[in-house]
There are 2 protein chains.
Amino acid sequence: MRAGVSVGTVSNVLNRPELVAEPTRERVYAAIAELGFVRNDSARQLRVGRSRTLGLVVLDVANPFFTDVARGVEDTANQHGLAVILCNTDEDPRKEASHLDLLAEMRVQGVLINPIDTDGRIAGLRDRGIPVVLFDRLGDPAVECSVAVDDVLGGRLAATHLIEAGHRSILFVGGPLTLRQVQERYEGASAVVSARDDVELTVLTTTALNVAAGRAAGDRLAAGGRDALPSAVFCANDLVALGVLQALTHAGLRVPADVAIVGYDDIDFAAAAAVPLSSVRQPRQQLGRTAAELLLAETMADEHEHRQVVFDPELIVRDSSSR
Amino acid sequence: MRAGVSVGTVSNVLNRPELVAEPTRERVYAAIAELGFVRNDSARQLRVGRSRTLGLVVLDVANPFFTDVARGVEDTANQHGLAVILCNTDEDPRKEASHLDLLAEMRVQGVLINPIDTDGRIAGLRDRGIPVVLFDRLGDPAVECSVAVDDVLGGRLAATHLIEAGHRSILFVGGPLTLRQVQERYEGASAVVSARDDVELTVLTTTALNVAAGRAAGDRLAAGGRDALPSAVFCANDLVALGVLQALTHAGLRVPADVAIVGYDDIDFAAAAAVPLSSVRQPRQQLGRTAAELLLAETMADEHEHRQVVFDPELIVRDSSSR
DNA sequence: GGCCGTCTTTGAACCGATTCAGCTCATCCG
DNA sequence: CGGATGAGCTGAATCGGTTCAAAGACGGCC
């Protein structure tokens, strides 16, 4: 080698510099700088058995909820010298599967996932020694760690608030209902409503949880005419809520006078909306950080006790649901 | 091996199945399924010399502008069987450097970057045979491909529109001014303004381009009192604009009556804002797709002609700047 | 039967960093 | 002075695919 030193020594300089004598170390650093040497991570991984990356699989990168979670994950990961590979599933089980396959081939240290399809693939990763932590959804504490926010409670908070504000016909907008988040938020609202005789809860399902889907739902609502309108709408997330708000406003309806709206997630844009949006807030970054920490704990320790962490959501009331 | 077959054959089944006889192929697939075999990507990479990933380095994942670009990049990359590693720099040159180092170690196929700091590191990647494509910023066509939107034109569009709407004192809000995008958008506006004697353009710099920074700027504006207010504000991006809008509204000022606002990027949330935001729209996904295509073209071809692609932005006028 | 060409399959070299047993040499101690 | 000690360094084995020259199998043809 350039520094008159063996490859073994170079490796030591890079990984355990304290083992190498000062002058040698200096020479090696100098040679590295001079030659522009960059360690080949594949070779290192091959030998060590696993990579220095961690996979994060989310439903939709364009949703600020997930980018905030990703922030949290990234913070924690970077602190430990790990890179994060962000994968987008678009709520498509096939995309999810193909991303998981890729992550398995990469021998990532672990995977954080908000799963759509809990098919065998996740178990497969785990069999292969790759820990998987579920986030924004609880799993089986016997086999996995998970971090979630209590969505049923979130649904209750929203519904309770609307009922207290005097609304008697509430429409839940969101979908697909196969998404656990959507289902549980609905469940929470439903539980509150069924405890009373005088309140009605209906559902309008959407095909996705984005602004366009919300806009479509809002258009349908508006097209039904003023009489068919519910007095309040509870949306499965803020993107949908913003879409509904846009469509209703566009159709000349007033929020909250004609229809009140409550969203979910309390993304930054909720407060900046046409009518500041009431929303159920989740501790997003903390969700990400906690998930990453659980994952790291699992990779480090020999003995590991799986944990379930549940955060409580909080209702933020703004103009869209109060007069 | 389980299928009574050599490793070489397995490799052929995986990579060039047409070379292997039907029955053998079947046996190998069966064995793979039975054993739950997953190819070790590091070993493959080590041999082949490069990975099947591509790095995307952005200023801020939480900015919908970048997630839309990322979408475009991902689409194209996935079509070619590549994974995308999304890196966040938070406008911090140190983070940028460390991400680039990591990507170099990973021997990514290429890097798409919206650079802050064009220090030696990018050239270093290129020397090592890793193509780099700049996006949202033009580079030197002799050494690199780049894709951008004409930010100077965007600035002109915004300023021209405001002047035509009768505004004579315009405030530009954005920063840091070291960001090329910020600078050029300002330049465009400045060029239009200096062509006239009766219009005044001032600048309020922010430390970042997010909602919080915008809110802070808006608070400062509002604190100055009604008399000190400019008649219009042109923001370096929509996040800042939304922040300003929020702060002004909160302070009891009316938009656009007291102050008009024009943003930049036309993110989905701009239309859904408290006062629907006028904004300069950029073809975001297309920017991402084009950048990825240029990168792929460079990796494939032996001979490669570097290209510069410039898209034109488009002004979308909404309520925030028209009465 | 022998030779040739085609289609399959094999097996060993190789990629580059890590790891570790073992070597060297200076120092210290009895 | 001999031997023990340990710091510092070396060099070869190793990880698991990919690649390719070469071997093998088989059929056709003279």
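Because the structure is a prediction, the values reported are computed rather than measured. So you know, we letter chains A, B, ... as the sequences are listed, proteins then strands, and number each from 1.
- Nucleotides of DNA chain D with any atom under 4.0 Å from a heavy atom of chain A span, from 5' to 3', dG8(D) to dG16(D).
- With hydrogens and angles left out, the side-chain atoms of Gln181(B) and Asp136(B) include a donor and acceptor closer than 3.5 Å.
- Looking at which nucleotide of DNA chain C each of Arg47(A) and Arg27(B) is closest to, the 5′-most match is held by Arg27(B).
- Nearest-nucleotide positions on DNA chain D for Thr9(B) and Leu46(B) put Leu46(B) closer to the 5' end.
- When atom types are taken as modelled, the side chain of Thr53(A) and the backbone of Ala83(A) share no donor-acceptor pair closer than 3.5 angstrom.
- Between Asp151(B) and Arg137(B), none of the side-chain N atoms (NZ, or NE/NH1/NH2) sits under 4.0 Å from a carboxylate O, so this pair counts as no salt bridge.
- Following rounding to the nearest Å, Leu14(A) (CG) and dT19(C) (P) show an atom-to-atom distance of 12 Å.
- Looking only at atom types and distance, the side chain of Asn88(B) has a donor-acceptor partner in the side chain of Arg71(A) under 3.5 Å away.
- Classification of Arg180(B) and Glu184(B) as a salt-bridged pair holds, one side-chain N sitting under 4.0 Å from a carboxylate O.
- The distance between atom CG of Asp41(A) and atom P of dT18(C), rounded to the nearest whole Å, is 9 Å.
- For the pair Asn12(B) and Ser11(A), both in contact range of DNA chain C, the more 5′-proximal nearest nucleotide belongs to Asn12(B).
- Each of Arg39(B), Gln45(B), Arg44(B) was checked for a side chain to side chain donor-acceptor pair (under 3.5 Å) with Asp41(B), and the lone residue meeting it is Gln45(B).
- With the nearest nucleotide of DNA chain D identified for both Arg39(B) and Arg25(A), Arg25(A) has the one nearer the 5' end.
- Listed nucleotides: dA17(C), dC15(C), dT9(C). Nearest to the side chain of Asn40(A): dA17(C).
- Atom CZ in Arg16(B) sits roughly 16 Å away from atom P in dC7(C) (whole-Å rounding).
- The CG-P distance, from Leu35(A) to dG16(C), rounds to 14 Å in whole Å.
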